[in-house]
Amino acid sequence: MIKRILWFVIGTAVGVYAVTRLKKRAQVLAPESLQASADKMASAIRHFGDEVRAGMAERETELRDALGIDTAENQTQREGDR
């Protein structure tokens, strides 16, 4: 009798666990969840692109300052104005 009760409890616990896992998996694969994941991914990619462009602009400014490119253009314009 005790063995039957033990196996009943074990079977119930395994069944509850399996149903819970399947429900979570179904929610992850639902269209709304996939759309939310795609939106998060697109947002992350846009943010990464913005950061890369900002870094490129900053580095370009540093290089122009180091090479004196901006000052050479300004001097040429000043000489042309005279």
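These values consider heavy atoms only, across backbone and side chains, with no hydrogens, waters or symmetry-generated copies. Along the sequence shown, residues are numbered consecutively beginning with 1. It should be emphasised that the depicted structure is a prediction, and the values quoted were computed from it without experimental measurement.
With sequence neighbours excluded, no residue forms a salt bridge (charged side-chain N to carboxylate O under 4.0 Å, His left out) with Glu51.
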Tabulate below the donor-acceptor pairs under 3.5 Å that side-chain atoms of residues 1-9 make, not counting sequence neighbours, or state none.
none

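One finds the CD atom of Glu62 at 11.0 Å from the CD atom of Glu60 (value rounded to the nearest 0.5 Å).
A side-chain hydrogen bond (donor to acceptor under 3.5 Å, both in side chains) check over residues 36-49, counting only residues at least two apart or in different chains, returns the pairs Gln35-Asp39.
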